[in-house]
Amino acid sequence: MDRNEWPLWEVFIRSRSGLDHKHCGSLHAPDARMALQNARDIYTRRMEGVSIWVVRSDQIHASDPEAKPEMFDPAEDKIYRHPTFYKLPPEVDHM
Amino acid sequence: MYTQAIDLPNQDPDARKGEAQAPDNPDYQAQFDATLERGDFIEPKDWMPEGYRKTLVRQISQHAHSEIVGMLPEGNWITRAPTLKRKAILLAKVQDEGGHGLYLYAAAETLGVSRDALIEALHSGKAKYSSIFNYPTLTWADIGAIGWLVDGAAIMNQIPLTRCSYGPYARAMIRICKEESFHQRQGFDLLLTMMRGTPQQRAMVQDAVNRWWWPVLMMFGPHDGASTHGEQSARWGIKRISNDDLRQKFVDATVPQARVLGVTLPDPQLRWNEARGHWDFGPIDWQEFWNVVNGHGPCARERIAERVKAHEDGAWVREAALAYARKRIAAKGTPSPSTGWGEGEARSAKHEVRISGAA
Amino acid sequence: MSRAAANRAKPDPHIEYLLRLADSPLILGQRLSEWCGHAPVLEEDLALANTALDLIGQARLLLTHAGAQEGAGRDEDQLAFLRSEREFRSCTLVELPNGDFARTVLRNFLFSAYQLPLWEGLLASRDAQLAAIAAKSLKEARYHLRHAADWVVRLGAGTEESHRRMHAALDYLWPFTAELFAGDAVEEAAAAAGVGVTGSSLQTRWEATVLPVLQEAGLSAPARTPFLSQGKLGVHSEHMGHLLAEMQTMQRAYPGARW
């Protein structure tokens with residue numbers, strides 16, 4: 001990264017209380033305070049948010065896409081973790 | 001749309017930074033192909049052919065540049081808007097366009113290129129932007145014409161892109177499309193008000209339409225036969241509908257709108273073709289198109305000069321903000337307390353205690 | 001004579017006061033919108049446009065209210081586009097050219113630091129519509145103040161060049177702030193009627209906001225001089241004529257047209 005460029009930040013917005021923060025994009029800012037203010041102007045102009053998180057992009061650690069098989073496939077065959085695996089009599093199926 | 005799918009020499013803006021990508025490997029290629037086949041998305045850090053990555057960087061950044069340069073012809077009229085309502089609407093629209101540029105630069109950066117590098121390419125003339133913005137806004141009616149016709153054309157192209165195979169680009173396009181329809185509606189509304197006004201106002205609208213119609217048709221790019229990118233981009237899920245098909249869709253949608261406005265589209269060969277079920281229209285002046293694309297448009301030099309000036313004039317500001325941030329880090333300081341609004345950590349200390357102390 | 005002409009002959013202090021409140025955000029909004037597409041970084045293009053939109057929004061509400069109070073059928077546009085320079089009640093500070101980014105953010109800072117106690121004071125106005133406008137505008141002013149203050153600090157304490165420019169901006173703008181707190185009959189009447197607040201009542205709060213930020217930015221307030229601008233009395237600087245010529249051109253060129 002060019003030493004003279006403003007760092008890149010990832011922006012997460014909670015659009016309504018009760019929901020998670022969701023990643024919605026990135027922006028450049030010199031520091032966290034400015035990043036928060038810029039995020040407000042860029043990503044919540046149409047009242048799309050009640051809470052903003054910003055994280056410097058280089059602070060995000062991501063799983064390796066090439067490791068997708070070992071990371072995520074094992075979950076595929078443990079279908080007993082999902083409620084739909086269990087067939088119950090209709091009278092109690094609302095559980 | 002703002003990309004016009006044109007192949008021009010010396011156009012590669014992108015300096016690949018960061019880690020080397022895994023070499024072309026038949027397994028990765030097969031996985032990539034299968035993903036596209038399924039209609040699934042490619043995300044950042046997924047393996048992708050270098051050609052796919054380069055095409056996306058070029059297309060996304062061209063789109064971003066267009067939004068940014070597009071702020072200038074409209075920005076030209078903000079201080080002279082004839083009512084306060086129109087002033088506010090235009091300011092909000094131009095602000096949106098800046099925002100769209102931002103979303104798109106952000107999407108392009110996920111492909112390993114920095115915004116600064118992309119901007120450098122724009123300023124040096126290596127990267128292109130939609131040639132439509134090389135035309136001048138001479139009257140207030142031009143603002144309406146841009147909203148109605150230019151944004152109308154953009155929407156035609158943008159909707160299919162919401163299903164583009166590259167995740168960040170598709171998501172940026174969804175966000176953009178949500179905001180775009182207000183842009184077209186306000187343009188049409190502006191013109192409709194004028195067409196219901198004085199003879200001078202009506203003449204102003206017709207004059208604007210006469211000047212913008214053909215350049216707007218050129219926005220869709222060369223005829224499909226003359227375009228070199230179409231097939232590969234289609235296979236990669238980047239370009240889903242051809243230039244000519246999009247252009248036809250646009251004409252078909254716009255002719256009835258022109259009728260509602262009461263303006264004449266400046267094409268004596270415009271005629272409904274019952275057999276085809278479409279509007280026939282006259283030949284496009286491709287000489288003008290290539291002249292403008294090659295940098296000889298009426299405002300081309302001014303637009304770039306303005307962007308370069310803004311960037312250069314602003315260098316000391318960007319440097320100062322960085323210098324301040326670095327000083328604070330060096331001093332291990334926290335954000336300024338004097339204004340009294342320190343933003344907290346995402347999870348406060350109080351919150352932590354409550355969790356660990358839960359019965 | 002017409003009601004409007006009668007009002008101009010013997011101005012109603014309530015309406016005069018409303019026009020003062022309206023005209024400053026209008027003119028400052030106009031100035032800030034000149035930055036569109038020219039800011040030092042894209043993120044700031046959006047921030048400046050956001051501030052301009054807020055200010056124009058405040059002006060629209062206040063002008064509409066003033067026009068309604070006047071009862072002569074003048075709407076927000078007639079007031080904005082058809083009044084002459086002498087009839088504008090904006091303070092001179094806001095009509096000055098934007099200058100560089102340092103001057104722009106410093107002016108935003110100085111002005112929003114003034115709007116903050118102003119809107120707070122007006123929450124209790126006997127003019128219910130004005131109180132409602134104040135409530136909305138207060139939130140906006142808080143945000144403008146935060147953003148502008150952050151820039152003043154970053155530029156004041158950034159590099160030598162940014163400090164130099166901020167210092168020059170402060171020297172240039174400071175004298176025009178005296179007008180914000182200079183009292184007169186219009187403000188006295190508004191305060192006495194429970195409708196408005198006097199500028200002088202805001203000065204202490206303003207200094208309490210402004211001086212610490214200037215200090216943190218490594219700047220010190222210039223000494224006060226006898227200079228007192230008179231924009232709110234309708235006597236503007238040479239800059240106002242050009243600004244209004246540009247702003248009002250369409251309505252002057254096409255009288256009576258609807259847009």
Side-chain angles (χ1 to χ4, degrees), chain A residues 1-15 17 20-73, chain B residues 15 17-18 22 25 27-28 31 42-48 92 95-96 98-110 114-117 119-120 168 171-172 174-175 178-179 182 315 317-329 333-336 339 341-343 345-347:
Chain A
M1 188 194 74
D2 185 349
R3 275 281 295 170
N4 288 325
E5 193 178 13
W6 284 4
L8 189 64
W9 302 75
E10 303 298 329
V11 180
F12 302 81
I13 308 264
R14 190 205 309 282
S15 57
S17 66
D20 289 323
H21 283 77
K22 201 161 91 89
H23 180 249
C24 58
S26 63
L27 52 82
H28 287 271
D31 56 55
R33 262 177 86 93
M34 285 296 187
L36 281 168
Q37 289 169 26
N38 290 338
R40 180 253 202 204
D41 284 336
I42 298 165
Y43 290 106
T44 70
R45 278 202 305 286
R46 285 167 168 80
M47 303 194 301
E48 304 101 303
V50 302
S51 166
I52 301 174
W53 286 355
V54 293
V55 185
R56 276 184 62 139
S57 305
D58 61 13
Q59 296 290 300
I60 296 205
H61 302 271
S63 56
D64 179 359
E66 282 169 38
K68 256 192 262 195
E70 358 8 322
M71 289 280 279
F72 301 115
D73 282 356
Chain B
K17 293 188 197 273
N25 169 317
D27 286 339
Y28 292 142
Q31 251 172 30
I42 306 294
E43 295 291 349
K45 303 292 187 193
D46 283 347
W47 183 89
M48 59 186 80
Q95 185 188 36
D96 271 356
H100 295 175
L102 255 161
Y103 306 152
L104 290 162
Y105 283 130
E109 287 191 272
T110 66
S114 74
R115 193 203 290 182
D116 268 6
I119 287 176
E120 165 60 33
R171 288 189 288 276
I174 289 173
R175 198 170 255 283
K178 277 203 188 121
E179 300 178 355
F182 131 62
V317 176
R318 299 189 298 272
E319 274 159 34
L322 261 184
Y324 180 82
R326 284 176 185 149
K327 277 192 230 182
R328 295 230 63 95
I329 290 170
T334 50
S336 153
T339 43
W341 309 290
E343 277 77 20
E345 309 267 333
R347 302 194 192 279

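Note that the structure is predicted; figures quoted are calculated from it, not measured. Quick note: numbers below take in every heavy atom, side chains included, and nothing from hydrogens, waters or symmetry partners. Residue numbers begin at 1 in each chain, while the letters A, B, ... track the order of the sequences.
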Once you round to the nearest 0.5 Å, how far does OH of B:Tyr105 lie from OG of A:Ser26? 13.0 Å

Please walk me through it: do B:Glu109 and A:His28 pass side chain to side chain contact (heavy atoms under 4.5 Å, CB included)? CA-CA 11 Å; B:Glu109 287 191 272; A:His28 287 271; 2.8 Å; yes

Would you check if the side chain of A:Glu5 reaches a backbone N or O of B:Asp116 as a donor-acceptor pair within less than 3.5 Å? yes

Separation between CD1 of A:Ile42 and NE2 of B:His100, rounded to the nearest 0.5 Å: 12.0 Å

Which region of B:Arg171, side chain (C-beta onward) or backbone (N, CA, C, O), has a non-hydrogen atom less than 4.5 Å from a non-hydrogen atom of chain A, or is it both or neither? neither

Could you pull out all residues at least two apart from B:Ala321 that satisfy side-chain contact (heavy atoms from CB on, under 4.5 Å)? A:Trp6, A:Pro30, C:Trp151

Answer whether the closest heavy-atom distance between the side chains of A:Leu8 and B:Arg115 falls below 4.5 Å. no

